[in-house]
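Keep in mind that this is a model prediction, so the values were computed, not measured. The sequence lines fix the lettering, A, B, ..., with proteins before strands; numbering per chain opens at 1.
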2 protein chains.
Amino acid sequence: MRIGALSQRTGVSERALRYYEEQGLLSPLRRPSGYREYTDEHVHTVRSIRTLLAAGLGTATIADVLPCMVEEGGQLAAACPDLLVDLARERDRITAAMNELRAAREMLDAIIAAPVPPEAAGTLDCDEAVGTAFGAPPVPSP
Amino acid sequence: MRIGALSQRTGVSERALRYYEEQGLLSPLRRPSGYREYTDEHVHTVRSIRTLLAAGLGTATIADVLPCMVEEGGQLAAACPDLLVDLARERDRITAAMNELRAAREMLDAIIAAPVPPEAAGTLDCDEAVGTAFGAPPVPSP
DNA sequence: GTTGACTCTGACATCGACGTGAGGGTTTAG
DNA sequence: CTAAACCCTCACGTCGATGTCAGAGTCAAC
């Protein structure tokens, strides 16, 4: 199939698919005309790429791990010990990111739940004209 | 105090402090020379900004909510109902981001824990020469 | 063969919170 | 008074995964 069909089947833009190839993540055959020719296998590869991108891995890392991936019933599996180290590191990174988000959310929750001190209740600029409290509007009139 | 002192007291770079002002988050007085003059209050404001930034809010959102914030014993509180709506929306956004990360981490965990199919054990390019499995090197010789 | 849909390769634009450096005034300690 | 330290305003650079546009070639149906 050509790039448009792959784009439709994966929901990934053609631009992104070309970008993946540029980054060494995807290597379609080429017709004599230069058109990219993809196989059904590439559909799975693209899904793997999206999965890893969603996991927060960069294309460079994905380029490292992708050759070591093998599909098993829709499930990616790591075929190399070195890869496991990388994946574990990424996993830790994700965990750390989650902890940061959790802390941030708790902060927000605390703000939301905090009682408003009575002496400040009427002194604040709570109108819909937000942002004018500083004197200079962030968006000047066009 | 001047910007260097505020930077030291908050641990925020001078560049960032000027950026916050540019975004309407901070409005120090100006000396005749043009030097910014900050008060102790600004120290708290900067802390609030960092808190909200750490929570994943953008400067535009912070510019909206900051005029409605009040400090109470080191704890930020929302003084406007409208603000609560915004904060709740941000909270939901953070929760969604956490869920994405959780899903991504579970995928990584599954990959890590997945058994390596025997028939694929020796067929993959697990050497340090990564990226050559596709036939075309991502960086062509110049 | 012709039209219209599809594809190609560049290459510049985007977003966000700053980093960094140039070129030039200001403050302050000695 | 002078030198060092501090501060000012531009303004461009960063990172990463795309969006978008231009100009040109290709494929499929009629």
Enquirer: Rounded to the nearest 0.5 Å, what's the gap from CZ on B:R105 to OG1 on A:T95? Could you check?
Expert: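 Those atoms lie 4.0 Å apart.
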Enquirer: How long is the line joining CD of A:E14 and C1' of D:dA17, in whole Å?
Expert: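 So the two atoms are 16 Å apart, to the nearest Å.
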Enquirer: Separation of A:E21 atom CD from D:dA17 atom C1', in whole Å?
Expert: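 It is 16 Å, rounded to the nearest whole Å.
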Enquirer: To the nearest 0.5 Å, what is the distance between CG (B:L25) and OG1 (B:T45)?
Expert: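 The OG1 atom of B:T45 is 10.0 Å from CG of B:L25, to the nearest 0.5 Å.
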Enquirer: Salt bridge between A:R89 and A:D92, side-chain N to carboxylate O under 4.0 Å?
Expert: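 A:D92 and A:R89: not salt-bridged.
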Enquirer: I want to check one thing: is the phosphate of D:dC8, taken as OP1 and OP2, less than 4.0 Å away from some side-chain N or O of B:R36?
Expert: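 Answer yes for this pair, as a side-chain N or O of B:R36 is under 4.0 Å from OP1 or OP2.
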Enquirer: Could you tell me how far apart B:R15 (CZ) and D:dT14 (P) are, to the nearest whole angstrom?
Expert: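 My rounded result for the distance is 15 Å.
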Enquirer: Show your reasoning for whether side-chain contact (heavy atoms from CB on, under 4.5 Å) applies to A:V46 and A:Y38.
Expert: CA-CA 11 Å; A:V46 170; A:Y38 297 94; over 6 Å; no
Enquirer: Using the closest heavy atom to pick a nucleotide of DNA chain C for each, name whichever of B:R50 or B:S33 lands nearer the 5' end.
Expert: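 Looking at the nearest nucleotide for each, B:R50 comes out on the 5' side.
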Enquirer: Does the D:dC27 base have a donor-acceptor partner in the side chain of A:Y35 within less than 3.5 Å?
Expert: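 When only heavy-atom distances are counted, A:Y35 does not reach the base of D:dC27 through any donor-acceptor pair under 3.5 Å.
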Enquirer: Send over the distance from B:M1 CE to D:dC6 P, rounded to a whole Å.
Expert: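 These atoms are roughly 16 Å apart.
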Enquirer: Go nucleotide by nucleotide along DNA chain D from the 5' end; which of A:Y20 and A:R31 gets its closest nucleotide reached first?
Expert: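 It is A:Y20 whose nearest nucleotide is closer to the 5' end.
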Enquirer: Among A:H42, A:E14, A:E21, which one satisfies side-chain hydrogen bond (donor to acceptor under 3.5 Å, both in side chains) with A:R36?
Expert: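 The option that passes is A:E21.
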Enquirer: To the nearest Å, give me how far apart CG (A:L17) and C1' (D:dT18) are.
Expert: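 Rounded to the whole Å, the gap is 11 Å.
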Enquirer: If I compare all heavy atoms of B:L53 with all of B:L57, which pair ends up nearest, and what's the gap?
Expert: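 So the minimum-distance heavy-atom pair works out to CD2-O, 3.4 Å.
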Enquirer: Taking all atoms of both residues into account, what is the closest heavy-atom pair of B:M1 and B:E37, and its distance?
Expert: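 B:M1 and B:E37 have their closest heavy atoms at N-OE2, 2.7 Å.
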Enquirer: Counting just side-chain N and O atoms, does B:R30 come under 4.0 Å of either OP1 or OP2 of D:dT9?
Expert: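 Yes, within the criterion.
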Enquirer: Considering heavy-atom distances to DNA chain D, does A:G58 or B:R18 have its closest nucleotide positioned more toward the 5' end?
Expert: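 Final value for this comparison: B:R18.
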Enquirer: Give the rounded distance in Å between these two atoms: CZ of B:R2 and C1' of D:dC8.
Expert: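 Rounded to the whole Å, the gap is 12 Å.
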Enquirer: Anything under 4.0 Å to a heavy atom of chain A counts; send over the first and last such nucleotide of DNA chain C, read 5' to 3'.
Expert: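 Here the contact window of chain A covers C:dC6 to C:dA11.
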